[in-house]
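Keep in mind that this is a model prediction, so the values were computed, not measured.
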Amino acid sequence: MVDVIGAAELLGHESEAEMLAVRLAHAQRLGNMGWAEWHLHTGETTWSEQVYVIFGRDPDDGPIALPDLAEHVDPADVATLDRLLWSVVQGVEPVQAEFRIRRDAGDVRDLRVVLEPLPGPGGTIGMHGVIQDITGRRRAERMVSESRRQLLEAREQAAEERHVMLALREAILPAPVGCLDLPHTRVAVRYVPAEKTANLGGDWFETAPAPPTAGCCSPSATSQVTACRRSPGWPSSATPWSAWR
């Protein structure tokens, strides 16, 4: 995406200093970041234009002084700000931290702040650094994390339901032990679960040899008995069947 405002500003300035300032402002807009500087002895505070945008503050109101900064930080993150400022004052290397601020409009923004001390006679006389609004990034990360959590819960629930289903099926219809040999007999079975999600239910069949009865053409003839139990949900048009002798 082309920043039309930034391009127009570049075309409207000719001096090298003005071009550099416009390019810096352009980069700050694109990165949603700005720079700030606080002097501990004089209390002087300087912000770039983008920091005012990040804090939702009117430039006419001036920047927020360092002692008042905690009033704009989310109460849960004030300790993080205190550790950050203490580390800057006591150290010599840049330090960074992330915390949330509450703007005057009431919305909350996630900030990443990188500060380094300003050395002077007798030690640190101030600090300066970069402030970046990372609200969009953190919001996307939270959405991805929530989606992963929901997916994990769905998988755990599906596994638990399957475990219950297998236990129930084993209690209702234990797995057969051994094999029954019925000479000259063929049996065909159709199984359709009554409950589609857990694949629980349906019909089952039992086949057993029956003793010879009067009227059979041969005393040694064997008839076959099929027992069928129907579970709720079996379609009436899908009647199971079995083949016989």
How long is the gap from [atom1] on [X] to [atom2] on [Y], to the nearest 0.5 Å?
X: His41; Y: Thr124; atom1: NE2; atom2: OG1; result: 8.5 Å
X: Gln96; Y: Ser87; atom1: CD; atom2: OG; result: 11.5 Å
X: Arg112; Y: Asn32; atom1: CZ; atom2: CG; result: 13.5 Å

Would you mind listing every salt bridge (Lys or Arg N to Asp or Glu O under 4.0 Å) that reaches into residues 131-141, with sequence neighbours excluded?
->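 Every pair satisfying salt bridge (Lys or Arg N to Asp or Glu O under 4.0 Å) with a residue in residues 131-141: Glu98-Arg138, Arg109-Asp133, Arg138-Glu141.
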Taking only residues at least two apart or on different chains, which pairs with a member in residues 116-125 satisfy salt bridge (Lys or Arg N to Asp or Glu O under 4.0 Å)?
->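 Every pair satisfying salt bridge (Lys or Arg N to Asp or Glu O under 4.0 Å) with a residue in residues 116-125: there are none.
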Positive for side chain to side chain donor-acceptor pair (under 3.5 Å) with Glu153, one of Gln150, Arg149, Gln157 =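 Among the candidates, only Arg149 passes.
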Transitively linked via ILVMFWY side-chain contacts under 4.5 Å: [X] with [Y]?
X: Met127; Y: Val114; value: no
X: Val78; Y: Val89; value: yes
X: Val53; Y: Val130; value: no

Excluding sequence neighbours, so at least two apart, what forms ring pair (Phe, Tyr, Trp, His ring centres under 6.0 Å) with Phe99?
->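 Once residues adjacent in sequence are excluded, Phe99 has no partner under the ring pair (Phe, Tyr, Trp, His ring centres under 6.0 Å) criterion.
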In sequence, state the C-alpha distance, the side-chain angles, and the governing distance for His39 and Glu37, and then conclude on side-chain hydrogen bond (donor to acceptor under 3.5 Å, both in side chains).
-> CA-CA 7 Å; His39 286 266; Glu37 184 172 297; 2.9 Å; yes
Side chains of [X] and [Y]: does their closest heavy-atom pair fall under 4.5 Å?
X: Trp35; Y: Trp47; value: no
X: Met33; Y: Ile131; value: no
X: Leu111; Y: Ile54; value: yes
X: Thr46; Y: Glu44; value: yes

Can you tell me which residue pairs pass the side chain to side chain donor-acceptor pair (under 3.5 Å) test with a partner in residues 53-68, sequence neighbours excluded?
->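 Residue pairs passing side chain to side chain donor-acceptor pair (under 3.5 Å), neighbours aside: none found.
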Verify side-chain contact (heavy atoms from CB on, under 4.5 Å) between Val113 and Leu84, making sure each step is shown before the conclusion.
-> CA-CA 9 Å; Val113 179; Leu84 172 66; 4.1 Å; yes
May I ask you to check whether Arg29 and Gln50 show a side-chain donor-acceptor distance below 3.5 Å?
->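 No, no side-chain donor-acceptor contact under 3.5 Å.
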Return the set of residues passing side-chain hydrogen bond (donor to acceptor under 3.5 Å, both in side chains) with Glu160 (not counting sequence neighbours), or none when no residue passes.
->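 Not a single residue meets the side-chain hydrogen bond (donor to acceptor under 3.5 Å, both in side chains) criterion with Glu160.
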Given side-chain contact (heavy atoms from CB on, under 4.5 Å), test Leu69 with Leu81 step by step and report yes or no.
-> CA-CA 9 Å; Leu69 188 59; Leu81 174 64; 4.0 Å; yes
Other cluster members, Leu118 - Ile/Leu/Val/Met/Phe/Trp/Tyr, side-chain contacts below 4.5 Å |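 The other cluster members (ILVMFWY side chains, heavy atoms under 4.5 Å, direct or chained) are Ile125.
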SB check Arg100 Asp107 (cutoff 4.0 Å) |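 No, Arg100 and Asp107 are not salt-bridged.
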After noting the C-alpha distance and the side-chain angles of Leu66 and Thr45, does the key distance pass the side-chain contact (heavy atoms from CB on, under 4.5 Å) rule?
-> CA-CA 8 Å; Leu66 194 61; Thr45 303; 5.6 Å; no
Please report the shortest heavy-atom distance between Pro117 and Glu93, naming the atom on each side.
->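 Residues Pro117 and Glu93, closest heavy atoms: CD-O, 3.9 Å.
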Given salt bridge (Lys or Arg N to Asp or Glu O under 4.0 Å), test Asp110 with Arg142 step by step and report yes or no.
-> CA-CA 12 Å; Asp110 291 270; Arg142 287 191 289 267; 3.6 Å; yes
Report the C-alpha distance between Ile64 and Trp38 in whole Å, list the side-chain angles of each, state the deciding distance to 0.1 Å, and finish with yes or no for side-chain contact (heavy atoms from CB on, under 4.5 Å).
-> CA-CA 10 Å; Ile64 300 174; Trp38 290 274; 5.8 Å; no
